[in-house]
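Below: the structure, in structure tokens.
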Amino acid sequence: MGYDVNRFCIGKDLTIKEVMKRMDTAARKILFVTTEDKRLLGALTDGDIRRWILEDGDLSEPAENIYNKKPKYLSRGISKIDERKAIFEEMVEALPVVDEQMRVVDLVFLKDAVREDISGEKADPKLKVPVVIMVGGKGKRLDPVTRILPKALIPIGDKPVVEMIIDKFREFTSADIYFILGHKATMVKSYFNDSVNGYNISYLYEGEKALGTAGGLKMIPEDFPGTFFLSNCDNIIKADYTDVYQYHKDKGYDLTIVGSMQHFVLPYGVMEINSGGELKQIMEKPEYDYLVNTGMYVVEKNITEYIPGNTMFHITDLIKALQKNGKKIGVYPISEKSWLDVGQWESYKETASHLLEKLEG
């Protein structure tokens, strides 16, 4: 395909934190570990990083600690048909093409193989998992615009944010979309009733009383499927939703939270003192990493029994109730740049100016 292999190759001494940044820049879920002259040493995927994070691994450690040292690869000169047969058989994000000295000279991506369909294979069918989107919030952090428009209809380019969220889900699931409506419900429904995109949306109404970020789930129908996606209406997640769903099911979780690894630098010298007020040390501009709730979840329907009816009840309240009752709650980590938050002005402006670029690839 003629890819710039430098974009996808890293050294084994690069820190895992830097690897995450490189993976975001490359806009793919895999990088290849090579020597300086591009001799293949191994492969490193977002799944490797996810496992490291879940094991409470130190992000300042080198990539050498986590990469696969026995990578699959293709030899230069292989036919296009055999290339695609190989990548369909392996079902990996990408395979490197190497020369006689094991130097990476090109890359073959599964996404390209599916698109070209040379092998005659077909992509896996989409999930049949419904999506519930909480569309009832007032969007106070985006005031004064949300005095006129509901938060869900705040535009990003030529589409409102909630439509972009639907489009991302549509890449992975063909099941119905459900809106839990509240504030300015009529405007949201009118927009989608007039849409030419043919979304199959069902509407559930909170009524005059706001029910919070989880209370509206009590209204889902009796015949609703056992597992569903849940999303706020102000965050766009760039991830493999099929993998998120499968992770949730494989682990047997009742609720899985998609969490974004966020890096923060405190722009001050932080002082540590003893009990008498004497200075012990100053840490200049300390750096911290946190796994942040993105507002996207995979949910088992049976947890709705812990939600009270017609009452303000937030997702944090639900999580506490589930933990109290011994339910299993998991976290699926994604990278910092895989979460686009438009729920407050600074993040909205950043997302609006860079979104099209970030969603490509």
Side-chain angles (χ1 to χ4, degrees), residues 129-143 145-146 149-156 159-173 177-185 187-188 191-192 199 201-206 210-220 228-239 241 244-245 248 255-260 262 290-299 303-304 307 312-319 322 329 331-334 336-348 350-352 355 358-359:
V129 181
V131 178
V132 176
I133 303 178
M134 308 298 289
V135 193
K138 292 186 177 181
K140 292 181 179 179
R141 293 181 299 167
L142 288 171
D143 185 85
V145 171
T146 46
L149 284 175
K151 179 172 61 173
L153 296 186
I154 295 293
I156 303 289
K159 290 184 178 182
V161 59
V162 72
E163 188 169 2
M164 301 194 80
I165 292 170
I166 291 172
D167 289 344
K168 289 302 295 180
F169 275 109
R170 277 284 169 259
E171 294 178 21
F172 300 95
T173 176
I177 304 288
Y178 291 78
F179 280 0
I180 297 182
L181 295 168
H183 182 64
K184 297 187 183 296
M187 291 182 68
V188 176
Y191 175 85
F192 283 97
Y199 301 114
I201 298 175
S202 299
Y203 301 99
L204 304 172
Y205 296 91
E206 290 185 348
L211 300 179
T213 53
L217 293 178
K218 198 70 174 178
M219 300 186 300
I220 62 176
F228 59 94
F229 286 106
L230 173 66
S231 176
N232 293 342
C233 69
D234 56 5
N235 51 267
I236 301 169
I237 306 300
K238 186 180 178 184
Y241 295 3
V244 177
Y245 172 81
H248 169 85
L255 176 74
T256 295
I257 307 167
V258 177
S260 173
Q262 297 287 305
Y290 296 102
L291 203 53
V292 176
N293 184 358
T294 65
M296 176 178 165
Y297 314 86
V298 186
V299 181
I303 70 172
T304 60
I307 301 174
M312 173 72 73
F313 201 71
H314 291 298
I315 193 72
T316 48
D317 300 319
L318 176 58
I319 289 170
L322 294 177
I329 302 174
V331 176
Y332 182 98
I334 60 174
E336 183 172 14
K337 300 300 183 182
S338 295
W339 176 36
L340 305 178
D341 176 23
V342 298
Q344 51 190 327
W345 273 120
E346 289 306 313
S347 55
Y348 168 78
E350 179 182 353
T351 300
L355 186 63
K358 290 180 179 179
L359 289 179

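All figures in this text were calculated on a predicted structure; none of them were measured in a lab. Positions are given from 1 along the sequence.
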Inset, instruction - Check side-chain hydrogen bond (donor to acceptor under 3.5 Å, both in side chains) between Thr256 and all other residues, then give those that pass, not counting sequence neighbours. - result: His248

Inset, instruction - Please list, chain by chain and in numerical order, all residues satisfying side-chain contact (heavy atoms from CB on, under 4.5 Å) with Tyr191, sequence neighbours excluded. - result: Leu153, Pro160, Glu163

Inset, instruction - Describe, in one word, how the ring planes of Tyr203 and Phe179 are oriented to each other, choosing from parallel (under 30°), tilted (30 to 60°) and perpendicular (over 60°). - result: perpendicular

Inset, instruction - Output yes when a side-chain donor or acceptor of Lys159 lies under 3.5 Å from a complementary backbone atom of Met164, and no otherwise. - result: no

Inset, instruction - State which residues pass side-chain contact (heavy atoms from CB on, under 4.5 Å) with Val292; sequence neighbours excluded, sorted by chain then number. - result: Gln262, Tyr290, Trp339

Inset, instruction - Under the side-chain hydrogen bond (donor to acceptor under 3.5 Å, both in side chains) rule, collect the residues that match up with Tyr205, sequence neighbours excluded. - result: Lys189

Legend entry - Residue of the set Tyr241, Tyr199, Phe228 for which ring-ring contact (aromatic ring centres under 6.0 Å, His included) holds with Phe169: Tyr241

Legend entry - Validation row: Ile165, Ser231 side chains within 4.5 angstrom (heavy atoms): yes

Legend entry - Approximate separation, where rounding is to 0.5 Å, of Ile201 CD1 and Leu181 CG: 9.0 Å

Inset, instruction - Could you grab the distance from atom CD1 of Ile315 to atom CD1 of Ile257, nearest 0.5 Å is fine? - result: 7.5 Å

Inset, instruction - List in chain and number order the residues that pass side-chain contact (heavy atoms from CB on, under 4.5 Å) with Leu204, two or more places apart in sequence or in another chain; answer none if no residue qualifies. - result: Ile180, Met219, Ile220

Inset, instruction - State which residues pass side-chain hydrogen bond (donor to acceptor under 3.5 Å, both in side chains) with Tyr178; sequence neighbours excluded, sorted by chain then number. - result: none

